[in-house]
Amino acid sequence: MSVNSGQVFLWEMIGDSWFGTYGSHVIKISPVDGGQEVFSFPELRSCERRIFRLDDDIVRILSEISRDQLVSRLVKKYAGLRLIRQEPEQCVLSFVCASNTNIPMIRTMLRNLTRKYGERVVVDGKEFFTFPSAKKIHRATKPEICSCGLGYRVKAIKAVAESIINGNLDFEALQKAKYEDAKKELLKVYGIGNKIADCVMLFSLEKLEAFPIDVWIARSLARHFKCLSDSKFTEKLSPHQYDVLSDTMRAYFGRYAGYAQQYLFYHMRQQAGRKW
DNA sequence: GTACAGGCAGTAT
DNA sequence: ATACTGCCTGTA
């Protein structure tokens with residue numbers, strides 16, 4: 001099993017184990033002959049099924065998204081690649097920090113936030129930090145948060161925290177809602193646009209049809225799927241172009257389009273030689 | 001020094 | 001609808 005750390009900004013490998021900040025928990029994953037064992041702190045146990053979506057019918061999903069030669073090939077090539085199920089709060093607070101920057105920078109920002117506002121946890125003699133609650137972010141001043149390296153993104157993370165506190169972002173309701181309705185609600189929040197909304201829905205709100213389009217996916221589509229769309233598009237997408245493309249890919253790959261997106265994303269990153 | 005990095009909102013046409 | 005712009009900050 002491989003871990004797509006693009007989705008899990010706060011995980012790191014130490015020795016042969018992975019340590020990750022998962023909401024108010026710190027989780028350790030160690031290899032056990034041929035499988036994975038998960039220890040979590042303080043009270044989670046055997047949560048790997050939930051985190052790695054092991055209850056998904058992966059055979060059916062991979063079969064449904066194998067609509068063409070490319071994805072069929074990637075599904076075999078990257079066998080074991082999974083979607084991560086994240087906690088909604090951590091997911092959305094993390095992704096609003098992700099605009100117009102790169103993964104190493106996102107990791108730095110989020111590490112700083114956890115060190116400043118999370119709870120300290122010691123595992124195997126090493127210190128880790130849980131992810132700060134929306135309440136903590138809500139209470140913090142903008143200059144304080146800015147000092148974590150967020151820059152102009154402070155306005156967005158505060159707006160998201162505010163929406164969580166006042167109930168405008170209701171994750172339970174969003175999970176039950178249809179894709180279109182959930183997206184509409186997310187887009188109302190300052191700092192959440194098309195791409196971030198789709199990421200949050202795919203990784204934490206059970207919308208497996210969500211197909212986030214970032215510059216990497218846009219490059220992939222421009223290379224391999226241009227024929228699918230009537231509208232001309234480049235790597236820079238207008239909001240309308242984003243909608244058209246995203247809808248087209250959803251129609252093409254079906255209800256598990258998000259899985260196809262993961263394989264394409266991972267492949268593009270591999271091709272570019274990115275180590276995250 | 002300049003370009004660029006996994007977007008978004010604001011403004012003008 | 002579309003085009004253009006500024007934005008924090010670190011790295012190449």
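Letters go in sequence order (proteins before strands), and every chain restarts at 1.
- Both distances falling under 3.5 Å, in either a Watson-Crick or a G-U wobble arrangement, occur for no nucleotide opposite B:dG6.
- Taking atom CG on A:Leu237 and atom C1' on C:dT2, their separation rounds to 13 Å, with Å as the unit.
- For the pair A:Leu187 CG and B:dA9 P, the interatomic distance rounds to 8 Å; values are reported in whole Å.
- Comparing C:dA3 with B:dG6, their C1' atoms sit 22 Å apart, to the nearest whole Å.
- The separation between A:Asn100 atom CG and B:dG7 atom P is 6 Å, rounded to whole Å.
- In this structure, the CG atom of A:Asp214 is 14 Å from the C1' atom of B:dC8, given to the nearest Å.
- Residue A:Ile217 is classed as having no contact, given no heavy-atom separation below 4.0 Å to the nucleic acid.
- A:Ile196 comes within contact range of the sugar-phosphate backbone alone, with a heavy-atom separation under 4.0 Å but no base atom that close.
- For A:Glu119, the CD atom sits in a loose shell: 12 or fewer heavy atoms of surrounding residues, nucleotides or ligands are nearer than 6.0 Å.
- Between A:Arg250 and A:Asp247 a salt bridge is recorded (basic side-chain N to carboxylate O distance below 4.0 Å).
- Comparing atom distances between the A:Cys146 side chain and each of B:dG6, C:dT2, C:dT9 picks out C:dT9 as nearest.
- One atom, CZ of A:Arg107, and another, C1' of C:dG10, lie 15 Å apart when rounded to the nearest Å.
- For A:Tyr263 (side chain) and A:Leu81 (main-chain N/O), a donor-acceptor pair under 3.5 Å exists by modelled atom type.
- The side chain of A:Val215 lies closest to B:dG7, out of C:dT9, B:dG7, B:dA9.
- Between the P atom of B:dG6 and the CD atom of A:Gln262 lies a distance of 15 Å, rounded to the nearest Å.
- Environment of CD in A:Glu172: sparse, with no more than 12 heavy atoms of neighbouring residues, nucleotides or ligands closer than 6.0 Å.
- Using atom P as the reference point in both C:dG10 and B:dC8, the two lie 22 Å apart (nearest Å).
- Separating the CD1 atom of A:Ile157 from the C1' atom of C:dC8 is a distance of 14 Å, rounded to the nearest angstrom.
- Judged by atom type and distance alone, A:Tyr242 does not reach the base of B:dG7 through any side-chain donor-acceptor pair under 3.5 Å.
- Side-chain contact of A:Tyr256 with A:Asp56: a donor-acceptor pair under 3.5 Å is absent, judged by distance alone.
- Below 30°, between 30° and 60°, or above 60°: for A:Trp11 and A:Trp18 the angle between ring planes is between 30° and 60°, a tilted geometry.
- Here B:dG6 presents its P atom at 11 Å from CE of A:Met105, a figure rounded to the nearest Å.
- Side-chain N/O atoms of A:Arg269 include one lying less than 4.0 angstrom from OP1 or OP2 on B:dG6.
- Mapped onto DNA chain B by nearest heavy atom, A:Asn102 and A:Gly191 fall at different nucleotides, with A:Asn102 at the one closer to the 5' end.
- Out of C:dT9, B:dG10, B:dG6, the shortest distance to the side chain of A:Phe265 is found at B:dG6.
- With C:dG10, B:dG10, C:dC8 as the choices, the nucleotide that has an atom nearest any side-chain atom of A:Tyr190 turns out to be B:dG10.
- Contact annotation: A:Arg219 reaches the phosphate of B:dA5 (side-chain N/O to OP1 or OP2, under 4.0 Å).
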